[in-house]
Amino acid sequence: MRKALFALLIVSALTMAACANLSTSGAGPSSAGLGPDRLEVPESTSTLPERIKSGVSWLWSCVVALRAMGVGADSLSELTATITDISRLAHGGDLDAARELFSKAWSMAVALKGGKA
């Protein structure tokens, strides 16, 4: 039981750190590429599918962190649906649409963090 609780605490801390750096001051796909600023793979060495996959993982980490911050499931429903759509578009090969939708999801995550709705 203690090992499971300890593991849960470590996972929670890591996911909170992943989403904690959301900011509204110029951060985001348009200024920083796809993915969190500090964890991003340089664009010259990554492909768009890899960047989208990394971005989707990061967004799911944000969902976990936002839940831990007290954001309600109703407020997170649009974000989770958008993340699912990004994955569906990427899997279907529509990478440009997935990238554009990522920008929308990023903005939603920032707004939810700021409002803690």
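Predicted, not measured: the structure shown is a model, and the values here were computed from it. No hydrogens, no waters, no symmetry mates; every other heavy atom, side chains included, goes into these values.
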Using every non-hydrogen atom in the two residues, find where Ser77 and Thr80 come nearest and quote the distance to one decimal. O-OG1, 2.9 Å
Return the set of residues passing side-chain hydrogen bond (donor to acceptor under 3.5 Å, both in side chains) with Asp96 (not counting sequence neighbours), or none when no residue passes. Arg99
Value rounded to 0.5 Å, distance of CH2 in Trp58 from CZ in Phe102: 5.5 Å
Report yes if some heavy atom in the side chain of Leu89 is under 4.5 Å from a heavy atom in the side chain of Ile86; otherwise report no. no
On a heavy-atom basis, which atom in Ile52 and which in Ala98 lie closest, and how many Å separate them? CD1-CB, 3.9 Å
Smallest separation among heavy atoms of Trp60 and Thr84, with atom names: CZ2-OG1, 4.0 Å
Separation of Cys62 SG from Arg67 CZ (nearest 0.5 Å): 12.0 Å
Minimum-distance pair of heavy atoms, taken over all atoms of Thr82 and Ala105: CG2-CB, 3.8 Å
Value for CG (Leu101) from CG (Asp85), rounded to nearest 0.5 Å, stands at 6.0 Å
Gap separating the CG atom of Leu79 from the NZ atom of Lys104, nearest 0.5 angstrom: 10.0 Å
CG of Leu66 to CG of Leu112: how many Å apart, nearest 0.5 Å? 6.0 Å
Spacing of Arg88 atom CZ and His91 atom NE2 [to the nearest 0.5 Å]: 11.0 Å
